[in-house]
Amino acid sequence: MPIFGAQRPATGRHKPTIMNDILNHLTSKTLEAIQALWGQEAEAAQVQFQKTRKEFEGHLTLVVFPLLKISRAKPEQTAELLGKALLERCADSLSGFNVIKGFLNLSLSEAYFIQMLRTIAQQDDFGIRQPSQDAPTVLVEYASPNTNKPLHLGHVRNILLGNSLARVLAAAGKHVKKVQVVNDRGIHICKSMLAYQKFGQGIEPSAELKGDHLVGRFYVRFDQEHRLQIQQLVEQGMDPKQAKDKAPILLEAQEMLRQWEAGEPAVRALWERMNQWVYQGFDATYADYGVDFDKNYYESQTYELGKRLVLEAVGQGILQQKDDGSVWADLTADGLDEKVLLRSDGTSVYMTQDIGTALLRHDEFQFDHMVYVVGNEQEYHFKALKLILAKMGHAWAGELTHLSYGMVELPEGKMKSREGKVVDADDLFQEMLQTARQTALELGKLDELSPEEQLRTHRMIALGAVKYFILKVNPKKTMLFNPAESIDFNGNTGPFIQYTHARVSSLLRKAAERQLWNPEQLAAFETLSAKEAELVQLLAELPAQIQQAADEFSPALLANYCYELTKTYNQFYNDFPILREENPESRALRLLLSANVAKVLRLAMGLLGIELPERM
RNA sequence: GGCCCCAUAGCUCAGUGGAUAGAGCAACAGCCUUCUAAGCUGUCGGCCGCAGGUUCGAGUCCUGCUGGGGUCGCCA
């Protein structure tokens, strides 16, 4: 059930939000009525409207229980009195009311709905707030991949969420910058490099093998070799734990990391080369999924800044250096533990780099807020990061938010990259594309389109299915992905919504061909059915839905909203003639309504990064 | 073990302190000579993990318990 909680003051020049406007109006009139009826001031918080449940007559419901202390009367009587008073005061918008127990159900007038629809129809970007000059700047960090293996389903949830969140925040009137941090240095990439040196035989990326997959293959190769050596050492009588640390290939990788830090040219060259392969691979994946970034940060370029800042903080007594040279932040006073920031050999850890990156970003963008879209296994890390930055004297540490999304699990449990139990991002895209193509061919509705147009539509549908499937789930919750049966094209899915859009598009094309309707001309209709009113009411909720999605960092709210709107529209489409309607005014209303359902779906689904086709 | 998160229909998920807790999938039964059937309608399916508490009112807030996940690295 939609939100009518927060009533935002109508400040400055802003476009009408329609549903909020009527709610604010009703709220103030209710307060007036309470004063007139019982001579007492009520607080706005006591006046709470909600959407009337479908099984009752009316559109908006005032729950009168909180007002009984003021009225000192029975719920029914209180509701009755308020209903009459409101009807008198809001003759322009209300057409009637009914009372059931403590619920005062108000009916909005048909004329008011038609006025709402006209208002919505006049705005091409209905519900979207353009950021004003002084609107806050928000950085959204998403995807922080390691450069040693290709992206998998976990990254897919990450990039889809982050990208959608960025769109939602922008639509809520913020200046948004999308940033990425690439973990391009460290032992993980050295493992791939070493295995490539030993076993690569100069192989290079090709059409059959993307760069990120190639590098990932050698990461796996390293692991195989490592295991083999451990086994050999254990057979020679070494303790398994010790064998893991003493395996020659691991020692070699560690040596390679030291050489990297020392700037050894050959190591740096190989590192550059292999990272470039990975970036090209990532870029292709990002392009397939339709996500991008305004700026990339590389760990190799920020860790030294982080290190410097940490050492400065030691000098200021904010952080502590132990006898072995390691540097620590004492977070015990805040209920956390001590956290290491520099190893005893002076090398930096993940946290060090994050400190450097955060400062760099603050200098560059002067952000008001930064959101890290990172999995919930790193909650501790981000709590610590905020505390450390605050200790270092950065007031903006309080403006960092960790959007902690849940893991994606497979039917057999957690994904494990080393055991090959992963769903690869590129494979997933290709499989969905194949399924979309096959379904489209079976149905044969795209046959008239050019091959390019067909492919474009197949991609749209494949992505619509994946994105909607992932984004409709509350980001905070663990979600299950069953490759065999998870992604469907029927029911509560992206393609279901896309299909409805295609049907409306078809209606509008035919209406234009047959000159049944001129969209510029708003017909002089005066009446509409309950179903049509329901649709207008849903349309009018878009601005509040976007605002709430932005407030709660939850694109899922918009997915559910789109689904409800689509479902309701399909019922309407099924039960009402549109082109076939003979009354021209009624036909014009239905076409205008359909066009605006399509528009709102385009806008809202667009915030999920999902495009809607004209045909499918 | 400490801390954090989760538990709603067979499965996947909605559900903002308000009315008789909703969708989709799966199963079954209907609806295309008519605007795209990737659609619509109906049937079946629930001690909202358990036990207390707060409240006029609890799936929703609080406490305890049970079960599951995460985290507590000089890993990222």
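Model, not experiment: these values are computed from the prediction. Chain identifiers are assigned alphabetically (A, B, ...) following the order of the sequence lines, protein sequences preceding nucleic acid strands; residue numbering begins at 1 within each chain. Below, each value reflects all heavy atoms present in this structure, side chains not excepted, and no hydrogens, waters or symmetry copies.
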Verdict with reasoning, A:K101 to A:E76, per salt bridge (Lys or Arg N to Asp or Glu O under 4.0 Å)
CA-CA 5 Å; A:K101 293 191 274 185; A:E76 292 84 346; over 6 Å; no
N/O to N/O distances under 3.5 Å, protein versus nucleotides 57-62 of chain B:
none

Looking at B:U71, B:C40, B:G22, which one has an atom nearest to any side-chain atom of A:E377?
B:U71
What is the distance, to the nearest angstrom, from the CG atom on A:L331 to the P atom on B:C72?
14 Å
Rounded distance in Å between the P positions of B:G53 and B:G59:
15 Å
Here the distance between atom C1' of B:C75 and atom CD of A:Q254, to the nearest Å, is 12 Å
At less than 4.0 Å, is any side-chain N or O atom of A:R514 found next to OP1 or OP2 of B:C35? Yes or no.
no
State whether A:N490 places a side-chain N or O below 4.0 Å from either non-bridging phosphate oxygen (OP1 or OP2) of B:G39.
yes
Given RNA chain B, 5'-ward residue of the pair A:H188 and A:F56, judged by closest heavy atom
A:F56
Whole-Å distance separating the CD atom of A:E76 from the P atom of B:C56
18 Å
Given RNA chain B, 5'-ward residue of the pair A:L342 and A:L557, judged by closest heavy atom:
A:L557
In whole Å, I'd like the distance from the CG atom of A:L410 to the C1' atom of B:U12.
15 Å
Separation of B:A76 C1' from A:I187 CD1 (nearest whole Å):
12 Å
A:Y563/A:F496 aromatic ring centres below 6.0 Å
yes
Does A:S506 make a side-chain N or O approach to OP1 or OP2 of B:U36 shorter than 4.0 Å?
yes
On the side chain of A:N148, is there an atom forming a donor-acceptor pair with the base of B:A76 - under 3.5 Å, no angle test?
no
Can you tell me which nucleotide in B:U12, B:A19, B:A38 comes closest to the side chain of A:T439?
B:A38
Parallel, tilted or perpendicular: which one describes the rings of A:Y303 and A:W260, with boundaries at 30° and 60°?
tilted
Could you tell me whether the phosphate oxygens of B:A37, OP1 or OP2, come under 4.0 Å of any side-chain nitrogen or oxygen in A:R503?
yes
Sub-3.5 Å pairs of nitrogen or oxygen atoms, protein against nucleotides 30-34 of chain B:
residue	atom	partner	partner atom	Å
B:U34	O2'	A:R580	NE	3.1
B:U34	O2	A:R580	NH1	3.0

Regarding A:Q547 and A:D551, do their side chains bring together a donor and an acceptor under 3.5 Å, going by distance alone?
yes
Is A:F103 stacked on the base of B:G18, meaning ring centres closer than 5.5 Å and planes within 30 degrees of each other?
no
With a 3.5 Å cut-off and sequence neighbours excluded, list the donor-acceptor pairs that the side chains of residues 508-516 of chain A form with protein atoms.
residue	atom	partner	partner atom	Å
A:R509	NH1	A:E614	O	3.2

Within a reach of under 6.0 Å around NZ of A:K246, are more than 12 heavy atoms found that belong to other residues, nucleotides or ligands?
no
So, is A:K510 close to the B:U36 phosphate, meaning a side-chain N or O under 4.0 Å from OP1 or OP2?
yes
So A:H402 and A:F382, would you call those rings parallel, tilted or perpendicular, with 30° and 60° as cut-offs?
tilted
Whole-Å distance, A:I189 CD1 to B:C75 P, equals 18 Å
Under 3.5 Å side-chain donor-acceptor pair for A:Y405 and A:N158
yes
Sugar-phosphate or base contact per nucleotide [nucleotides 4-10 of chain B; S, B, -; heavy atom under 4.0 Å]:
S--S---
Would A:R53 and A:N105 count as a side chain to side chain donor-acceptor pair (under 3.5 Å) here? Give the steps.
CA-CA 9 Å; A:R53 292 180 64 113; A:N105 300 321; over 6 Å; no
Pairs under 3.5 Å (Watson-Crick or G-U), crossing ones as [ ], inter-strand ones as |: RNA chain B comes out as (((((((..((((....[...)))).(((((.......))))).....(((((..]....))))))))))))....
With no hydrogens and no angle check, do the side chains of A:D184 and A:S300 hold a donor and an acceptor under 3.5 Å apart?
yes
Taking atom types as modelled, is there a side-chain donor on A:N275 or A:T147 under 3.5 Å from an acceptor on the other?
yes
Please determine, by modelled atom types, if A:T500 and A:T566 share a side-chain donor-acceptor pair under 3.5 angstrom.
no
Short side-chain donor-acceptor distance under 3.5 Å, A:N98 and A:E57:
no
Please tabulate, one pair per line, all N/O donor-acceptor pairs under 3.5 Å involving side-chain atoms of residues 456-469 of chain A, not counting sequence neighbours.
residue	atom	partner	partner atom	Å
A:T457	OG1	A:E453	O	2.8
A:H458	ND1	A:Q454	O	3.3
A:K467	NZ	A:Y289	O	2.9
A:K467	NZ	A:G609	O	2.7
A:Y468	OH	A:N492	OD1	2.6
A:Y468	OH	A:A559	O	3.2

Is a donor-acceptor contact shorter than 3.5 angstrom present between the side chain of A:T493 and the base of B:A38?
no
How about CD on A:E55, more than 12 heavy atoms from neighbouring residues, nucleotides or ligands closer than 6.0 Å, or not?
yes
Less than 3.5 Å apart, any donor N or O on the side chain of A:N183 or A:H188 sitting next to an acceptor on the other?
no
If you measure from the ring centre of A:Y563 to the centre of the six-membered ring in the base of B:A23, is it under 5.5 Å, with the planes under 30° apart?
no
Spacing between A:K472 atom NZ and B:U12 atom P, to the nearest angstrom:
12 Å
Side chain of A:K414 - closest among B:G70, B:G18, B:U36
B:G70
Kindly say if A:Y499 contacts the phosphate of B:A38, meaning a side-chain N or O under 4.0 Å from OP1 or OP2.
yes
Looking at A:R343, does any N or O in its side chain come under 4.0 Å of the phosphate oxygens OP1/OP2 on B:C75?
yes
With the 90 degree cut-off around zero defining syn, does B:C61 come out syn or anti?
anti
Check whether any side-chain nitrogen or oxygen of A:Q571 sits under 4.0 Å from OP1 or OP2 of B:U41, and answer yes or no.
yes
